[in-house]
Amino acid sequence: MTQKTKFGDTYNCINYYDQPAFDHPSLKNQKFEYQMRPSRNHSIDSIWVNGYGCPSGTVPFRPVTKDDLIRAKLASQMNSLKFSPQSDVHPGLHSALLRTKVNPSKKYKGAHMLTSIYNPSVENNQVSSSRLKLQNGPDTMEVGWTVNPTLYKDNKTRLYIYTSVRSCYNTLCSAPGFILETSEIPLDYIFPQISQRGGATFSTGFFVYKDSKNGDWYLQVGTQGIEIGRWPQKIFSALADSASHVEWGGQVITPTDVPSPEMGSGDGPPLLLNDKQDAACYQINVVDENYKQVNPDDTEAFTDIGGIYDAVDLGLRGQFGRLMYHDDDGEPLMDYYDVSGQSPEPRQDNLLDDDALEDENVDWDRERSSTPLYEPDKVGKLRKSLVKKGDNGGGGDSGQVPRAGTSGR
């Protein structure tokens, strides 16, 4: 069975147990508990022609072509800094964000943010995103919205996840490790409502948390926390127990000889610290090692190129919790490979090399406890069975973006 979206995308509705994650050798011939939840009203707008997506018991996957795999491999190379260099420190990648300071003793069991949704202008082979990132050593999980024509063949603002273990966007790799657990929201979901600089603002939420019973990492999207799916614990090594570093904010990726793209709301400079003008991240918090949701301490605002992109942390702001803005703060930057101004051609690696599709032998644990959910009738508060709300925790739909966040030119 196939279903179409209002934007023209076509998805196959495949059986929950037939999705790519279960092709892993260690998952075959094992019994798994069916964990998908029934449809319910929520804060994410339907993009489906039929109004609801795939039938219960199935999950939406776009048909994958060889070209899709090539594009996904190239996008992964760009994200892992294997593309043409852009700056001396972080080739091809620029950031404006709030981040936890380096502290190997810290153990984070999750993180959350709400972020305003924009559609920054990018050229081919450029990417502009607002994302939440959890990391421990070489292991990373990213989730957010992105404009990525290399990956999606369009310039729409879409949901994405990135997992470093397989260098994998969404599930566009072999044995991707992420299990989709919704029939309504695909991993490349198009956000239909886009904020306009100086006009209406729209936001969405991203919450990644570790289940205290089975150890898997779960993803919720939307201001009311709709469960999308999970990363099984045992696909990770360093992230198997906890994250040691968290980032919230904006990121762009660009090849050489191309002016740097917009970040967030675009049309800067300067950063105005105004929710109608700048992109915002708010209700920023972490889940500590006691599974309590708290305001992150020992953090810093960071940008690798001052005067081009900027990030401002405004701290706690009442019902909006921790707020931060990020945006373009100067003229577009033209990066080169070296000081001579000579920029090389992009690397043309074998994008479909054998090890890109090679499976890993891991064991997945299916047992889990009940899922923490947002209470839509209690703005700014979370109801959790496993993650306990701290004094500065937050969630829910504010209806308007506050002064916090990430933004672009």
Quiz item: Between atom CZ of F207 and atom CD of Q224, what is the distance when rounded to the nearest 0.5 Å?
Solution: 15.0 Å

Practice problem: Find out whether P60 and L187 are in side-chain contact, i.e. whether some heavy atom of one side chain is under 4.5 Å from a heavy atom of the other. | Solution: no

Quiz prompt | Reported CG-to-CG distance for the pair L323 and L98, which is rounded to 0.5 angstrom | solution = 10.5 Å

Quiz item: Is there a donor-acceptor contact under 3.5 Å from the side chain of D139 to the main chain of A238?
Solution: yes

Practice problem: Measure from the side-chain N and O atoms of S95 to the backbone N and O of L97, and report whether any donor-acceptor pair falls under 3.5 Å. | Solution: no

Exercise. Flag the pair L132 / V208 as yes when at least one side-chain heavy-atom distance between them is below 4.5 Å, and no otherwise.
Key: yes

Quiz item: Roughly how far, to the nearest 0.5 Å, is SG of C54 from CE of M1?
Solution: 8.0 Å

Quiz item: Closest approach of W217 and L239, non-hydrogen atoms and distance?
Solution: NE1-O, 3.0 Å

Practice problem: Could you grab the distance from atom CD1 of I194 to atom NZ of K156, nearest 0.5 Å is fine? | Solution: 10.5 Å

Self-check item: Flag side-chain contact, heavy atom, 4.5 Å: V147 against Y152
Solution: no

Exercise. Mark yes or no for whether D298, through its side chain, and K101, through its backbone, hold a donor-acceptor pair below 3.5 Å.
Key: no

Quiz item: Which distance, rounded to the nearest 0.5 Å, do you find between the CD of E181 and the CZ of R230?
Solution: 5.0 Å

Quiz item: Are D241 and K109 within salt-bridge range, i.e. N to O under 4.0 Å?
Solution: yes

Quiz item: Do H112 side-chain atoms and V286 backbone N/O form a donor-acceptor pair below 3.5 Å?
Solution: no

Quiz item: Do S242 side-chain atoms and K107 backbone N/O form a donor-acceptor pair below 3.5 Å?
Solution: no

Self-check item: Neighbour count >12 (heavy atoms, 6.0 Å) for atom NZ, K4
Solution: no

Quiz item: With respect to T146, which candidate in S129, S130, S128 satisfies the side chain to side chain donor-acceptor pair (under 3.5 Å) definition?
Solution: S129

Quiz prompt | Close side-chain approach of Y291 and D211, heavy atoms under 4.5 Å | solution = no

Exercise. Could you tell me which non-hydrogen atom of P192 sits nearest to which non-hydrogen atom of I190, and how far apart they are?
Key: CD-O, 3.1 Å

Exercise. Could you tell me which non-hydrogen atom of P186 sits nearest to which non-hydrogen atom of E184, and how far apart they are?
Key: CD-O, 3.6 Å

Quiz item: Is there a donor-acceptor pair closer than 3.5 Å between any side-chain N or O of T115 and the backbone N or O of C281?
Solution: no

Quiz item: After noting the C-alpha distance and the side-chain angles of K106 and D297, does the key distance pass the side chain to side chain contact (heavy atoms under 4.5 Å, CB included) rule?
Solution: CA-CA 11 Å; K106 283 285 189 180; D297 57 9; 3.3 Å; yes

Practice problem: Ignoring hydrogens and angles, state whether a donor on the side chain of Q233 or D216 is under 3.5 Å from an acceptor on the partner side chain. | Solution: no

Quiz item: Salt bridge or not for R322 and D313, using N-O below 4.0 Å?
Solution: yes

Quiz item: Do we see a donor-acceptor contact under 3.5 Å between the side chains of N119 and T157?
Solution: yes

Exercise. Flag the pair W145 / Y118 as yes when their ring centroid distance falls below 6.0 Å, and as no otherwise.
Key: no

Quiz item: Taking the six-membered ring for Trp, is the centroid-to-centroid distance between Y160 and Y162 below 6.0 Å?
Solution: no

Practice problem: Please report the C-alpha distance between T5 and V49 in whole Å, then the side-chain angles of each, then the deciding distance to 0.1 Å, and finally whether the side chain to side chain contact (heavy atoms under 4.5 Å, CB included) criterion is met. | Solution: CA-CA 5 Å; T5 72; V49 172; 5.8 Å; no

Quiz item: For the residue pair Y282 and F320, does the interplanar ring angle fall in the parallel (under 30°), tilted (30 to 60°) or perpendicular (over 60°) class?
Solution: perpendicular

Practice problem: With sequence neighbours left out, write down each residue that passes salt bridge (Lys or Arg N to Asp or Glu O under 4.0 Å) with R62, or none if nothing qualifies. | Solution: D9, D188

Exercise. Kindly indicate, with the supporting measurements, whether the criterion side chain to side chain contact (heavy atoms under 4.5 Å, CB included) is fulfilled by E300 and R99.
Key: CA-CA 6 Å; E300 60 185 358; R99 66 184 184 183; 2.7 Å; yes

Quiz item: Does any non-hydrogen side-chain atom of V221 lie less than 4.5 Å from one of L159?
Solution: yes

Exercise. With side-chain hydrogen bond (donor to acceptor under 3.5 Å, both in side chains) as the test, would you mind laying out the steps for S195 and T201 before giving the verdict?
Key: CA-CA 4 Å; S195 302; T201 56; 5.3 Å; no

Practice problem: Using salt bridge (Lys or Arg N to Asp or Glu O under 4.0 Å) as the criterion, list what pairs up with E289, not counting sequence neighbours. | Solution: none

Practice problem: Kindly determine whether T163 and F236 satisfy side chain to side chain contact (heavy atoms under 4.5 Å, CB included), including the steps that lead there. | Solution: CA-CA 10 Å; T163 312; F236 297 110; 4.0 Å; yes

Quiz item: So do T204 and I117 actually touch side chain to side chain, heavy atoms under 4.5 Å?
Solution: yes

Exercise. Identify which one of Y209, F178, Y218 satisfies the ring-ring contact (aromatic ring centres under 6.0 Å, His included) criterion when paired with W231.
Key: F178

Quiz prompt | Y309 versus A96, closest heavy-atom pair with distance | solution = CB-CB, 4.0 Å

Quiz item: Does a side chain donor of either T254 or Q126 reach within less than 3.5 Å of an acceptor in the other side chain?
Solution: yes

Exercise. State, to 0.1 Å, how close V252 and E262 come at their nearest heavy-atom pair, and which atoms those are.
Key: CG1-O, 3.7 Å

Quiz item: Is it true that a side-chain atom of K210 and a backbone atom of A240 form a donor plus acceptor pair closer than 3.5 Å?
Solution: yes

Self-check item: Rounded distance (nearest 0.5 Å) linking atom CD of Q283 with atom CZ of R317
Solution: 14.5 Å

Self-check item: Side-chain H-bond candidate by donor/acceptor type, R131 with Q251, under 3.5 Å
Solution: yes

Practice problem: Heavy atoms only: give me the nearest I185-T182 pair and the separation to one decimal. | Solution: O-CG2, 3.3 Å

Practice problem: Test N12 against every option in D18, T58, T2 by the side chain to side chain contact (heavy atoms under 4.5 Å, CB included) rule and name the one that passes. | Solution: T2

Practice problem: For residues F7 and D154, determine if any side-chain heavy atom of one lies less than 4.5 Å from a side-chain heavy atom of the other. | Solution: no

Practice problem: For the residue pair S116 and S265, establish whether any side-chain heavy-atom pair is separated by less than 4.5 Å. | Solution: no

Quiz item: Is a donor on one side and an acceptor on the other found under 3.5 Å between the side chain of H245 and the backbone of L134?
Solution: no

Quiz item: Using a distance-only test with no angle check, is there a side-chain donor-acceptor pair under 3.5 angstrom linking N103 and S105?
Solution: yes

